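Since this is a predicted model, take the numbers as computed values, not measurements.
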2 protein chains.
Amino acid sequence: MNNNFNLENFISDFSKSCQKMQKKVFSKNEVVTTYIKNRNQLCILLNGHADLVRYDLNGNRTIVEHFSKNALFGEVFYTITTNNELLVEAKSSCTVLFYIYDDIFKKCKSNCKFHQTLSENLPQLILNKVTDLNMRIELLTKRSTRDKLLGYFSLLSTRNLSTSFELPFSLTDLADYLSVDRSAMMRELKLLKEDGFVEKVGNRIILLYK
Amino acid sequence: MNNNFNLENFISDFSKSCQKMQKKVFSKNEVVTTYIKNRNQLCILLNGHADLVRYDLNGNRTIVEHFSKNALFGEVFYTITTNNELLVEAKSSCTVLFYIYDDIFKKCKSNCKFHQTLSENLPQLILNKVTDLNMRIELLTKRSTRDKLLGYFSLLSTRNLSTSFELPFSLTDLADYLSVDRSAMMRELKLLKEDGFVEKVGNRIILLYK
DNA sequence: TATTTTCCGTTGCAAAAGCAACACATTATG
DNA sequence: CATAATGTGTTGCTTTTGCAACGGAAAATA
């Protein structure tokens, strides 16, 4: 593992050097990919926003992950054990690089720089994913909608180094991410405002508690 | 990555070959370790059972992960981003191997076989952890206690290749794992029995639906 | 710019989940 | 083996959450 690995530089460089990558452009609401058992796909979001969503038998939608610029996704990061369908949906127009691999940890036969760098750094990239997943589990184990909202806001606050930040979701999608009913979440958000915990200006949240 | 890697053989072999490992024995309810920022610890449970638990500010306990024989845990698999304390508690008497590393992906200076094998296979071990985490997220995103119970039972059923299986938890702990109130869970479990979905004989669950 | 679609904000009511308390069973422990 | 500690099963009551529905705002689209 190379600790000086810079994901952004890496991503901006490799598309020149590698022939096996496919670049595609999607418009809003298009399905970018579905997760399929035993296919080995790695995807990189070059720009735009997309969500990994799951629909269950009751018709509930869950946003499993939210992806923005330079996010990595695909079956590498998700061994499929569920029967429910997993889709990646474009939330805005976006550009995605696709790469089907044989053995993700080995560089390809053509020996290009991209695959070498990728296989060297993949363990670290997977560890980053582990961190995300653990944070998500902590959110989901919170017992009340209020704690889920506050927990998520606190996470965004930390990530933005500020008590004020833009929500990356519509409120409708936020409910599907926190796995709660939208109207119940709206009610709770209102109470949080009334109780002086947060303010909301447009799509921006301001935390009022230390 | 070596696809023929056998975790069990690996674990049973290396303690002879590596000097940097520490073996310790714990009795029930002892704290095996706490997760500490910027320490690099990898632990292997040689026998017994242990849980990774988190206590939140409201006094709720969450069982984050349940470990049995040959489980791997420690900071490698959990970059700490939370303020809550994370403890590993022994659920029975158990034996644990500890290993503090500098760079987990590199073999150590003494060049022993263990570290070489470990660094070669760690990516795959981390991917296994990713799979576990994704399954856990799927459980936690289920909207009702009933669906959480059925989802968990279905998972155990798949894992045991049988519609009948032992619960690895006490019911009290199961509630803390599913992140629901114990008495509410008991009520729901009773309803599941009344509705003919499951039977419970001692600590064994029998699924009655196809 | 007119029109359609999506999202926001809200509410009444129903259902689910949480809380607290208790008796009894089972399991550890001196 | 007696006693303490922990786990199970249950219930009444309260609080939270979900569901369904609706009007208006905002955003997308023709």
For residues [X] and [Y], determine if any side-chain heavy atom of one lies less than 4.5 Å from a side-chain heavy atom of the other.
X: B:Leu167; Y: B:Leu156; result: yes
X: A:Leu122; Y: B:Pro123; result: no
X: A:Asp56; Y: B:Thr141; result: no
X: A:Asn84; Y: B:Glu138; result: yes
X: B:Val198; Y: B:Lys193; result: yes
X: A:Thr79; Y: B:Leu127; result: no

Going by atom types alone, do A:Ser183 and A:Asp181 pair a side-chain donor with an acceptor below 3.5 Å? yes
I'd like to check the ring-ring contact (aromatic ring centres under 6.0 Å, His included) partners of B:Tyr55; sequence neighbours left out, ordered by chain and number. none
For B:Phe26, what residues pass the ring-ring contact (aromatic ring centres under 6.0 Å, His included) criterion, not counting sequence neighbours? none
Decide side-chain contact (heavy atoms from CB on, under 4.5 Å) for A:Arg143 and A:Asp147; before the verdict, give the C-alpha distance in whole Å, the side-chain angles of both, and the deciding distance to 0.1 Å. CA-CA 7 Å; A:Arg143 306 299 176 97; A:Asp147 283 348; 5.6 Å; no
Please give, in whole Å, the distance from [N] [atom2] to [X] [atom1]?
X: B:Leu174; N: D:dG9; atom1: CG; atom2: P; value: 12 Å
X: B:Glu89; N: D:dT6; atom1: CD; atom2: P; value: 12 Å
X: A:Asn58; N: D:dA20; atom1: CG; atom2: P; value: 12 Å
X: A:Asp176; N: D:dC19; atom1: CG; atom2: P; value: 12 Å
X: B:Phe169; N: D:dT6; atom1: CZ; atom2: P; value: 19 Å

Report the end-to-end axis angle of the helix from C:dT1-D:dA30 to C:dG30-D:dC1; each axis comes from five terminal pairs, and the value is rounded to 10°. 60°
Verdict with supporting geometry, B:Arg136 and B:Asp132, side-chain contact (heavy atoms from CB on, under 4.5 Å): CA-CA 6 Å; B:Arg136 184 134 176 65; B:Asp132 291 347; over 6 Å; no
How close do A:Met21 and A:Tyr99 get, counting heavy atoms only, and between which atoms?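 Heavy-atom minimum between the residues: SD-CB, 3.4 Å.
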Table of protein N/O atoms under 3.5 Å from nucleotides 26-30 of chain C N/O atoms:
none

Can you list, by residue number, the residues of [range] that have a non-hydrogen atom closer than 4.0 angstrom to DNA chain C?
range: residues 180-190 of chain B; result: B:Val180, B:Asp181, B:Arg182, B:Ser183, B:Ala184, B:Arg187, B:Glu188
range: residues 191-204 of chain B; result: none
range: residues 136-156 of chain A; result: none
range: residues 50-57 of chain B; result: none

Lys/Arg-Asp/Glu bridge criterion (N-O < 4.0 Å) met for A:Glu188, A:Lys148: no
Pairing residues for B:Thr81 by the side-chain contact (heavy atoms from CB on, under 4.5 Å) criterion, not counting sequence neighbours: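 Scan of B:Thr81 (side-chain contact (heavy atoms from CB on, under 4.5 Å), adjacent residues dropped) gives A:Thr131, A:Met135.
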Show me the donor-acceptor pairs, under 3.5 Å and distance only, between side chains in residues 168-176 of chain B and residues at least two apart or in other chains.
from, atom 1, to, atom 2, distance (Å)
B:Ser170, OG, B:Asp173, N, 3.1
B:Asp173, OD1, B:Arg61, NH2, 2.4
B:Asp173, OD2, B:Lys91, NZ, 2.7
B:Asp176, OD2, B:Arg61, NE, 2.7
B:Asp176, OD2, B:Arg61, NH2, 2.9

Stepwise, does the side-chain contact (heavy atoms from CB on, under 4.5 Å) test hold for B:Arg146 with B:Phe197? CA-CA 11 Å; B:Arg146 168 168 291 217; B:Phe197 281 93; 3.5 Å; yes
Can you pull out every ring pair (Phe, Tyr, Trp, His ring centres under 6.0 Å) where at least one residue sits in residues 77-98 of chain B? Sequence neighbours excluded, please.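 Applying ring pair (Phe, Tyr, Trp, His ring centres under 6.0 Å) to every pair that reaches into residues 77-98 of chain B, excluding sequence neighbours, yields B:Tyr35-B:Tyr78.
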Which pairs pass salt bridge (charged side-chain N to carboxylate O under 4.0 Å, His left out) with one or both residues in residues 69-86 of chain B, sequence neighbours excluded? B:Arg39-B:Glu75
